[in-house]
Amino acid sequence: MNDNILKTLIIIAVLCCTARNAYGFTVNFEGAAKTPVSIVPPKTTGLSYVYVVDNISDIRSISIVGIDVTEVENVQIYSNLGGGFGQDISYTTDNGNIHINKPAGDMGYIVQTARGSQCFWIVDYADKVFNISSLTMQESQPCDYSEFTVSGNADAIKYYSISGQPVTLDREINVTYNSLKWDDTLKNYEQVAETKKLGYLDHTFTLSPPLFCRTSLVITGDRFLENWNEGVSYESEEFTPNGICVQTIAEQTNKIPEEGSNQINQNGTGLGGSAPADFVFSAYPSEGVIHNEWQIADDPNFEYIKYRFNEKELTYTFYDEGKYYVRFIGSNSDGSCEVFGEEYEIGIGASDLRIPNAFSPDGDGVNDIWKVGYVSLVEFKCWIFDKNGQQLFYFDNPQLGWDGKYKGKTVPAGVYYYVIEAKGADGVKYKRGGDINIINYRKIPNHNN
């Protein structure tokens with residue numbers, strides 16, 4: 001037979017086996033101790049069914065039901081070479097069924113009829129029984145996945161399409177282990193169970209993302225043993241995580257402007273605003289993070305890092321005008337893996353000082369305290385004097401102010417004087433002086449006629 005004739009026969013076999021019988025068919029297995037698992041494969045295989053039998057040596061015969069025996073021309077068996085190399089086998093018919101004695105496992109079957117062909121494959125599970133004897137974690141691990149070595153019997157089960165293409169049968173093996181999930185309410189990680197489904201297990205397999213916490217692995221399966229109520233489970237020893245992760249939080253403890261504050265808002269809802277700006281940066285790394293570092297830079301690419309702090313929680317105050325970029329970086333024990341937290345942009349505005357010249361400390365809740373308006377003042381001193389030069393009040397915090405009292409008593413209405421010395425986050429120095437007018441409004445009662 002020349003090559004052209006052989007190719008033609010293969011093409012004819014493929015076309016015939018993809019033509020399904022409109023009424024369908026089933027295969028019954030005589031002598032099976034356990035009900036074979038029937039699987040419908042992809043149409044591209046040219047197969048109607050894949051049957052997985054517990055042990056082919058137990059099968060006395062198979063009966064093909066649903067095909068008109070009067071139309072059967074021949075029955076063939078084929079191997080991994082495909083249907084083009086199928087060989088005729090003997091069969092009998094009885095009561096409208098096709099019978100094949102002592103069928104072979106891990107082979108494909110073609111029933112050729114006048115209207116086309118029906119094809120199926122039989123998998124012998126006897127030498128493929130799922131079993132795990134040991135599981136170890138490889139000593140050298142990458143950063144983005146965990147790799148394991150497995151011993152046992154969980155290799156890929158393959159069958160072959162009518163054209164001779166290998167197809168892997170999904171064994172539906174489950175690998176269950178613990179991982180970490182961030183709880184934003186508790187501000188902490190909690191352990192959660194994760195399950196990865198694998199079609200088979202070769203000598204090695206990987207989990208991605210990697211292990212983030214100490215955990216054992218539980219492997220259960222496979223689908224065929226579980227179908228026969230004989231599923232097995234293997235639990236490994238506890239493994240040390242090779243993956244690292246982190247969550248970070250930036251909290252501005254003097255967020256401005258607060259309600260009733262005399263600070264001028266220059267930064268909208270962003271982080272920063274007026275100096276001094278107090279922050280607490282907190283990092284919550286997984287247990288694999290050994291080295292902790294907060295970094296503060298002047299550029300968003302962190303090419304020029306100004307400060308480094310080797311701690312999980314950083315308390316820091318920004319005094320100078322400008323933009324700053326803050327991030328956390330953690331690494332494992334040998335520094336081979338790094339993890340970065342969220343990057344924070346901190347904006348500190350230019351300084352400003354605005355001084356009122358009047359107030360009315362009459363206790364009505366309106367303009368009762370003399371306060372300056374300010375932004376980004378890092379140094380501040382203020383003295384209040386009467387017209388004779390006597391000091392009535394002194395304060396060094398721009399958030400405070402004068403309530404118009406001296407030695408516990410409200411001073412009379414009139415003109416008083418202030419002197420202010422201050423320094424801004426932008427380096428601007430302020431030296432101001434001027435008058436303060438205390439105004440007492442006469443309250444006129446409302447009389448009814």
Side-chain angles (χ1 to χ4, degrees), residues 128-158 168-184 186-226 231-249 282-294 310 312 327-343:
K128 306 174 183 64
V129 178
F130 175 75
N131 182 10
I132 302 296
S133 57
S134 69
L135 179 66
T136 57
M137 192 171 182
Q138 295 192 3
E139 184 175 348
S140 179
Q141 292 287 334
C143 300
D144 52 351
Y145 61 88
S146 299
E147 190 168 11
F148 302 88
T149 300
V150 62
S151 298
N153 192 359
D155 293 343
I157 298 176
K158 294 187 181 297
T168 300
L169 201 59
D170 188 358
R171 298 185 75 141
E172 296 184 6
I173 299 169
N174 292 324
V175 180
T176 303
Y177 56 98
N178 287 332
S179 189
L180 297 180
K181 181 181 179 182
W182 176 253
D183 189 316
D184 200 47
L186 298 177
K187 299 294 185 290
N188 206 345
Y189 285 107
E190 61 176 348
Q191 288 196 5
V192 293
E194 296 282 354
T195 298
K196 182 173 183 179
K197 296 184 178 295
L198 300 173
Y200 59 92
L201 293 175
D202 278 339
H203 179 65
T204 62
F205 73 95
T206 61
L207 293 178
S208 180
L211 300 185
F212 290 124
C213 61
R214 294 179 181 273
T215 180
S216 59
L217 271 62
V218 178
I219 303 178
T220 57
D222 59 6
R223 67 189 289 190
F224 308 111
L225 289 182
E226 290 177 352
V232 297
S233 176
Y234 174 88
E235 184 171 0
S236 73
E237 62 179 337
E238 189 176 72
F239 297 121
T240 300
N242 66 295
I244 54 177
C245 57
V246 68
Q247 290 284 337
T248 58
I249 298 174
S282 302
Y284 302 87
S286 60
E287 62 180 282
V289 176
I290 304 302
H291 306 292
N292 305 278
E293 181 176 284
W294 280 101
N310 299 119
K312 293 181 183 178
R327 73 177 180 185
F328 174 86
I329 179 173
S331 61
N332 58 1
S333 58
D334 61 4
S336 58
C337 299
E338 292 182 334
V339 63
F340 295 88
E342 183 179 350
E343 295 180 3

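Because the structure is a prediction, the values reported are computed rather than measured. FYI, the numbering just counts along the sequence from 1.
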Novice: Answer with yes or no whether the side chains of Thr220 and Ser233 bring together a donor and an acceptor at under 3.5 Å.
Specialist: no
Novice: More than 12 heavy atoms of other residues, nucleotides or ligands under 6.0 Å from NZ of Lys158: yes or no?
Specialist: yes
Novice: Quick one: are Phe239 and Tyr177 in side-chain contact, heavy atoms under 4.5 Å?
Specialist: no
Novice: When you measure from the side chain of Asn242 to the backbone N and O of Pro142, does any donor-acceptor pair fall under 3.5 Å?
Specialist: yes
Novice: Checking Glu338 side chain against Gly335 main chain: does a donor-acceptor pair fall under 3.5 Å?
Specialist: no
Novice: If we ignore hydrogens and angles and just use 3.5 Å, is the side chain of Ser286 paired with the main-chain N or O of Cys245 as donor and acceptor?
Specialist: yes
Novice: Evaluate side chain to side chain contact (heavy atoms under 4.5 Å, CB included) for Gln191 paired with Thr215, printing each intermediate quantity in order.
Specialist: CA-CA 10 Å; Gln191 288 196 5; Thr215 180; over 6 Å; no
Novice: Backbone N or O of Ser151 within a donor-acceptor pair of the Ser133 side chain at under 3.5 Å?
Specialist: yes
Novice: How are the rings of Trp182 and Tyr189 set relative to one another: parallel (under 30°), tilted (30 to 60°) or perpendicular (over 60°)?
Specialist: perpendicular
Novice: Is the shortest side-chain heavy-atom distance between Glu194 and Leu207 below 4.5 Å?
Specialist: no
Novice: Please examine the side chains of Phe224 and Ile157, heavy atoms only from C-beta on, and report whether any two atoms are closer than 4.5 Å.
Specialist: yes
Novice: Assess, by modelled atom type and distance only, whether the side chains of Thr248 and Glu342 contain a donor and an acceptor separated by less than 3.5 Å.
Specialist: no
Novice: Strictly distance-based, threshold 3.5 Å: is any side-chain N or O of Asn332 a donor or acceptor partner for the main-chain N or O of Cys337?
Specialist: yes
Novice: Can you sort out the partners of Glu287 under side chain to side chain donor-acceptor pair (under 3.5 Å), two or more places apart, ordered by chain and number?
Specialist: Arg214
Novice: Quick one: does Glu172's side chain have a donor or acceptor within less than 3.5 Å of a partner on Lys197's backbone?
Specialist: no
Novice: Is there any salt bridge (Lys or Arg N to Asp or Glu O under 4.0 Å) pair reaching into residues 130-141, and which pairs are they, with sequence neighbours excluded?
Specialist: none
Novice: Output yes when a side-chain donor or acceptor of Trp294 lies under 3.5 Å from a complementary backbone atom of Arg327, and no otherwise.
Specialist: no
Novice: For the pair Asn153 (side chain) and Val129 (backbone), establish whether a donor and an acceptor sit closer than 3.5 Å, ignoring hydrogens and angles.
Specialist: yes
Novice: Does the side chain of Asp202 reach to within under 4.5 Å of the side chain of Asp155, using non-hydrogen atoms?
Specialist: yes
Novice: Just so I know, are the side chains of Ile173 and Phe205 near enough to count as touching, which here means a heavy-atom distance under 4.5 Å?
Specialist: no
Novice: Could you tell me if the side chain of Val150 sits less than 4.5 Å from the side chain of Leu135, heavy atoms only?
Specialist: yes
Novice: Taking Asp222 for the side chain and Leu225 for the main chain, is one N or O donor matched with an acceptor at less than 3.5 Å?
Specialist: yes
Novice: In terms of heavy-atom contacts, does OH of Tyr234 have more than 12 from other residues, nucleotides or ligands at under 6.0 Å?
Specialist: yes
Novice: Going by heavy atoms in the side chains, are Phe130 and Ile219 under 4.5 Å from each other?
Specialist: yes
